[in-house]
Protein chains: 2
Amino acid sequence: MYSIYESTEKSNCSVCKDKSCAVSVLNEKQLGLLNNNSREIEIKKGEIILRSGILNSHIIYLKKGYVKEFIVGLNKKIKILQIIKQRSYMGLHSLFGDKINHYSYTALEDLKICYIDINVFKKLVKENGDFAYELLVYVCKDSLNNFYRLINQSQKNTNGRFADVILYLSENICNSQHFELPLTRQELSELIGISRENTARVISKFK
Amino acid sequence: MYSIYESTEKSNCSVCKDKSCAVSVLNEKQLGLLNNNSREIEIKKGEIILRSGILNSHIIYLKKGYVKEFIVGLNKKIKILQIIKQRSYMGLHSLFGDKINHYSYTALEDLKICYIDINVFKKLVKENGDFAYELLVYVCKDSLNNFYRLINQSQKNTNGRFADVILYLSENICNSQHFELPLTRQELSELIGISRENTARVISKFK
DNA sequence: ATCTGATTGTGATATATGACACATTTTTTA
DNA sequence: TAAAAAATGTGTCATATATCACAATCAGAT
């Protein structure tokens, strides 16, 4: 009767090498609570992890891989807000800021993620100020970074925006000058905020 | 020898009618600590309250009045991120997300504000999880709202953006269908993200 | 009250960029 | 391997909007 659970590789938060900064400040008892209320899952490239508009039920921690955070705007036009890399949370802003989730998340490659029950997460915030502090740091950094990029986009032309995104991917996401991200030209244009055709033109110009 | 302190009207956080949601969950001892490390000040219309780029030393709580949050971008082009109304914090994102302050704040009218020492603020976060939780809610709501507006702006044309901003001011800031904000056309255009001339054109068209 | 400077409105113009159409290349499927 | 589908590149064109120039209006100071 335990076969279902045994078939899933049960992770252990206490010994996890990929803990977030916030989870690192939890004590053993709190880690145990987290462990009993989270589950590690593997996701295939292209799968939607979390959809905007649904009620918040779980917070998702990205243990390994790249994810795109996006919204579907007017005329079903997609705007990619950011590329999320390993050791990041998905849906934190929505968890604390609203009842429903605001952004959608899709796997850019095969992933390892952890689903965490939101009530346990909130309980930990309220009983451990250091944990809450680290989360505050996390969401504020996330906000500042994304705002910075969005505002830059609103003030630059095609070339500048393209260059900014390349720099962003190189320095903030891949941490390498030579990188390869599983992004189509279409997705790149949705991240830059220009048309697909113009993305192609800028690329051929830069080469 | 107490004349300096006596000359300033010393506020009392415990009995303050304009407490933030976060401060409302502090206990008497914590309110006392806050009280001893904050100071209420009056600001005249047009004054700069806080400048981007400087080291964070105080968090500022807006007790009364309207403030514009902005950054000076490329070619000294100003982008107004949002209009801040009473019972809001200034610089929270920067406090937790970085060492330096990211946005500038100017009084749109005569204000009452409270300067709060950042170390005391951080201490309260760490020792009171409920306080931290309320701050998380605050910064996340702020992020979601501002992102929503910025992304909308990036996907709409002049008319739509103008209409959005009018709605935003009416519903979110003034909470009234007939409102008058001390915003110049120039500032309105910096909030909408279009040129001053086009703002004038849209206004005459709508009338 | 009058002058001066700031703010605002309006017309003409240049241009960056989206949109369309279609060619080419790459990837997936059978 | 061939065929189909998806992704990408390129040329042309329409248009929304920034910019400039200047007129008109408003506000503050003397």
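Here is how names work: the chains are called A, B, and so on, in the same order as the sequence lines, proteins then strands, and each is numbered from 1.
With rounding to the nearest 0.5 angstrom, the CD1 atom of B:I173 is 11.0 Å from the CD atom of B:Q86. Distance check, rounded to the nearest 0.5 Å: CG of A:L62 to CZ of A:R87 gives 11.0 Å.
Here the two rings, on A:Y61 and A:F121, have centers that are 6.0 Å apart or farther. Between B:Y138 and A:F96, the gap from one ring centroid to the other reaches at least 6.0 Å.
In this structure, B:K76 atom NZ and D:dT19 atom P are separated by 16 Å, rounded to whole Å. We find that CZ of A:R196 is positioned 14 Å from P of D:dA6, with the value rounded to whole Å. The distance from atom CD1 of B:I78 to atom C1' of D:dA18 is 17 Å, rounded to the nearest whole Å. The nearest whole Å value for the distance from the CG atom in A:N198 to the C1' atom in C:dT17 is 6 Å. For the pair B:Q155 CD and C:dG18 P, the interatomic distance rounds to 12 Å; values are reported in whole Å. In this structure, A:K205 atom NZ and D:dT10 atom C1' are separated by 14 Å, rounded to whole Å. The NZ-P distance, from B:K156 to D:dA16, rounds to 17 Å in whole Å. One interatomic measurement links the two molecules: CZ of B:F162 to P of D:dT17, which rounds to 14 Å at whole-angstrom precision.
For the OP1/OP2 pair of D:dA16 and a distance below 4.0 Å, the side-chain nitrogens and oxygens of B:T158 include no atom meeting the criterion. Side-chain nitrogen and oxygen atoms of A:R201 include none within less than 4.0 Å of the OP1 or OP2 phosphate oxygen of D:dT10.
Across all strands, B:S195 comes closer than 4.0 Å to base atoms (heavy-atom distances). B:I194 comes within 4.0 angstrom of sugar-phosphate atoms only, judged by non-hydrogen atoms across all strands, and of no base. Among the atoms of the strands shown, none is found under 4.0 Å from any heavy atom of A:T199.
When all heavy atoms of A:L111 and A:A107 are compared, the closest pair comes out as CD1-CB, 3.4 Å.
Distance from the side chain of B:E197 is smallest for D:dA21 among the nucleotides D:dG9, D:dA21, D:dT10. When distances run from any side-chain atom of B:Q186 to the nucleotides C:dT8, C:dA16, D:dA21, the shortest one goes to C:dT8.
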